[in-house]
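As structure tokens, the structure follows; a few thoughts come after it.
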Amino acid sequence: MFVDKNLGQKQKYQKIDISELEQVQKKKVKQNVNINVYTGNQYSDDYYKILQVRKQLPAWDAKEQLFMLLEQYQVIVLQGETGSGKTTQMPQFLLEKYCKGRGIACTQPRRVAAMSVAKRVAEEMDVTLGEEVGYSIRFEEKTSNKTILKYMTDGMLLREAMHDPKLERYSVVILDEAHERTLNTDILFGLLKEVMLKRPDDLKVVIMSATMDAEKFQKYFHNAPLLDIPGRVFPVEIFYTQKPEKSYLDAAISTTINIHAYEEPGDILVFLTGEEEIEEACKKITSEIQKLGDDVGPVRCVPLYSTLPPNQQQKIFESAPQPNKKGIQGRKIVVATNIAETSITIDGICYVVDPGFSKQKVYNPRLRVESLLASPISKASAQQRAGRAGRTRPGKCYRLYTEQSYNTELIDNTYPEILRSNLSSVVLQLKRLGIDDLVHFDFMDPPAPETLMRALEQLYYLGALDEEGNLTKFGQSMSEFPLDPQLSKILLSSKDFYVTDEILTIVALLSVQQVFQRPKDQQQQADDARYQFVHQDGDHITFLNVFKAFKEHNESSDWCYSNFINYRSLKSADKIKIQLKQIMSKLSIPSTKTDPSNALYYTYIKKALISGMFMQTAHLTKNGAYMTVKDSQIVAIHPCSVLNHKPEWILYQEFVLTSKNYLRTVTDIEGKWLYEICPEYFNPKTIKNIETRKEFEKIEKQVLEEQRRKPDLLTVEQIQKLHKHVKSERTQSVSSPKTIQK
DNA sequence: GAGCACTGC
């Protein structure tokens with residue numbers, strides 16, 4: 001069994017103290033059926049009203065069957081469409097029978113879902129949210145020692161598993177929305193399978209999913225029985241095109257206009273792949289419909305994608321415009337990314353336009369690159385999209401591909417994320433959970449061996465694994481952070497470079513997207529505003545400047561707005577920084593400081609970055625192009641970088657494959673530092689490109705020479721003392737930002 | 001001088 005060495009062998013878990021309470025309350029209940037078993041209070045009027053509604057749900061009829069199956073089996077698969085009530089009702093039923101001193105966990109892939117479902121169920125049970133029913137998501141734990149039913153994100157349960165590997169605080173674990181196959185759900189599948197063996201008598205597992213995947217789940221869980229709950233949705237009529245479409249975008253626009261001109265009232269949802277397409281489509285649809293004049297009704301065409309600010313996202317919930325002069329009804333048209341497939345549901349949609357594409361992440365282990373590619377969707381996805389038309393009344397779905405394409409070309413299910421991702425972080429988590437033999441680990445869909453090898457290799461170089469592939473003490477500390485292993489490494493080594501706070505800031509900002517805003521109609525102003533934060537050494541230190549300035553302006557949202565800084569990103573980075581800092585102190589990592597006026601201040605920051613990011617570095621070759629140091633890929637600095645010169649060596653955060661191989665978030669470094677920090681990785685013999693290899697040979701010679709002359713090489717600490725009072729000529733702190741005149 | 005689907009710890 002895996003023992004968490006940091007925490008000692010006998011970790012104590014918070015036990016839910018309800019058995020005694022339960023006895024007392026049960027006595028009371030015997031005397032009076034109007035008493036809430038969980039609180040001992042009289043039920044409210046609302047309780048009975050809601051109860052009537054609940055009893056109408058299809059899930060209600062499956063209650064006895066649920067009990068029957070769980071009597072015989074440790075794990076069951078529960079299949080139910082939207083509207084069946086499975087997420088809200090099943091956990092409540094399970095509470096009646098399987099809550100003996102332990103709680104029930106129900107996981108969700110998304111935070112909002114965990115929160116809103118918990119709130120709803122607390123109402124249904126007539127209890128206070130956060131008492132008997134609660135939720136747990138990052139940055140917000142709304143539970144107490146009375147909590148017996150907890151909705152949580154799947155990532156949160158995984159975090160708990162690190163300190164409670166047998167999940168002993170739960171008697172039932174429910175994995176909801178399992179068909180979405182998030183990375184975390186897939187890890188939990190494997191983990192639960194092992195935990196079930198260790199707790200055959202006191203753990204029940206319920207896998208809940210929409211249709212399509214049920215059989216696969218049953219098979220994976222030793223032929224678990226299936227409980228099928230009918231959904232409550234309206235029929236959706238499906239239309240296909242006769243011939244393949246030349247341009248799905250044009251086809252989507254014209255189909256939408258036709259629906260508007262000829263179909264009954266009812267809102268339209270159009271699926272496209274990204275921001276640019278969506279904005280273009282909205283413009284065209286609006287202008288084309290205006291051309292049709294008063295013979296058709298007025299439209300409100302609204303875009304929807306995740307990077308849209310929340311107040312604009314809210315517009316999708318506004319109702320259709322009023323009828324026009326001729327009394328023809330108005331219509332709302334939502335043009336959305338995949339976000340409308342799972343995360344956001346819009347009521348009142350009767351027509352869906354589905355061109356059959358979405359942007360999907362793909363991972364190339366050979367190049368170690370994740371990229372986004374517009375690709376055909378799966379049958380499951382197409383069904384999900386069609387279903388969006390039948391939530392309020394019978395609807396229609398227009399698929400902009402042929403029926404034959406649907407049958408023969410679309411795959412059944414979207415490849416699970418675990419087959420499309422860099423797995424360094426997954427492997428570290430699995431190692432931490434005590435799963436050592438990854439090659440034989442029971443993945444529902446085993447990742448490519450090469451992907452696993454890449455992950456193991458990276459973790460080895462980061463010092464998280466030893467030569468045998470065992471988790472090191474250092475790796476164990478790394479796994480405590482909710483970060484990519486590379487970033488955890490940077491944080492842990494920052495103390496050796498005397499820049500813990502700076503690195504905390506940079507790492508926090510690297511884990512949020514979009515620090516800078518650049519609206520299409522104000523690009524010049526945005527670039528001007530950004531200029532005041534620019535540090536010549538690159539994007540990482542520029543981020544640091546932004547954060548410092550944000551703090552100096554008291555985290556003002558107005559200041560962010562006028563300086564084209566994303567306020568939400570900065571606020572969330574601030575939260576993340578606090579969390580990371582807490583983990584650092586829990587791990588007893590001392591915080592260390594360097595005065596910004598110290599000549600080596602920026603060197604230290606960059607060296608700390610190298611300690612984790614050394615695998616992502618590039619060298620300028622004689623012909624003026626960059627080449628990645630180890631894989632010899634020809635790459636270019638992304639135009640959005642603040643670097644306006646071409647340093648010989650650079651470190652990059654992200655490799656994006658679009659029209660070219662681009663490096664994003666880049667910093668100027670020195671080749672010598674690479675060799676000093678990771679001599680093993682930059683051994684010249686391992687470098688393929690001749691030019692780069694020669695450079696490292698030179699560096700190696702130079703370093704060895706220096707070591708020969710000074711056998712007692714100065715430590716960073718000694719160097720720091722030497723430089724303590726040296727004022728830097730290169731000092732560059734945050735310039736005081738001016739307000740932009742508009 | 002280009003363009004980033006969606007989550008989550």
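Chain letters run A, B, ... following the sequence lines, proteins first and then strands; every chain starts at 1. Predicted model, so just to flag it, every value in this text is computed and none were measured.
For the pair A:Arg420 and A:Tyr363, the cation does not sit on the ring face, since its NZ or CZ is not both under 6.0 Å from the ring centre and inside 45° of the axis.
A:Leu308 has its CG atom 12 Å from the P atom of B:dA5, to the nearest Å. Rounded to an integer number of Å, the gap from CG of A:Asn338 to P of B:dA5 is 11 Å. Here B:dT7 presents its P atom at 15 Å from CD of A:Gln108, a figure rounded to the nearest Å.
In this structure, the nucleotide among B:dG3, B:dC6, B:dG8 sitting nearest to the side chain of A:Arg111 is B:dG8.
Nearer to the 5' terminus of DNA chain B, by closest-nucleotide assignment, is the contact made by A:Lys359 (compared with the other of A:Pro482 and A:Lys359). Residue whose closest nucleotide on DNA chain B sits further toward the 5' end, between A:Gln429 and A:Ser343: A:Ser343.
Remark: side-chain polar atoms of A:Thr143 are not paired, donor with acceptor, to backbone N or O of A:Thr147 under 3.5 angstrom.
Taking the six-membered ring for Trp, A:Tyr248 and A:Tyr401 have ring centres at least 6.0 Å apart.
A:Arg138 comes within 4.0 angstrom of a nucleotide base, judged by non-hydrogen atoms across all strands. Nucleic acid contact class of A:Ser306 (heavy atoms, under 4.0 Å, all strands): sugar-phosphate only. A:Lys660 comes within 4.0 angstrom of no nucleic acid atom, judged by non-hydrogen atoms across all strands.
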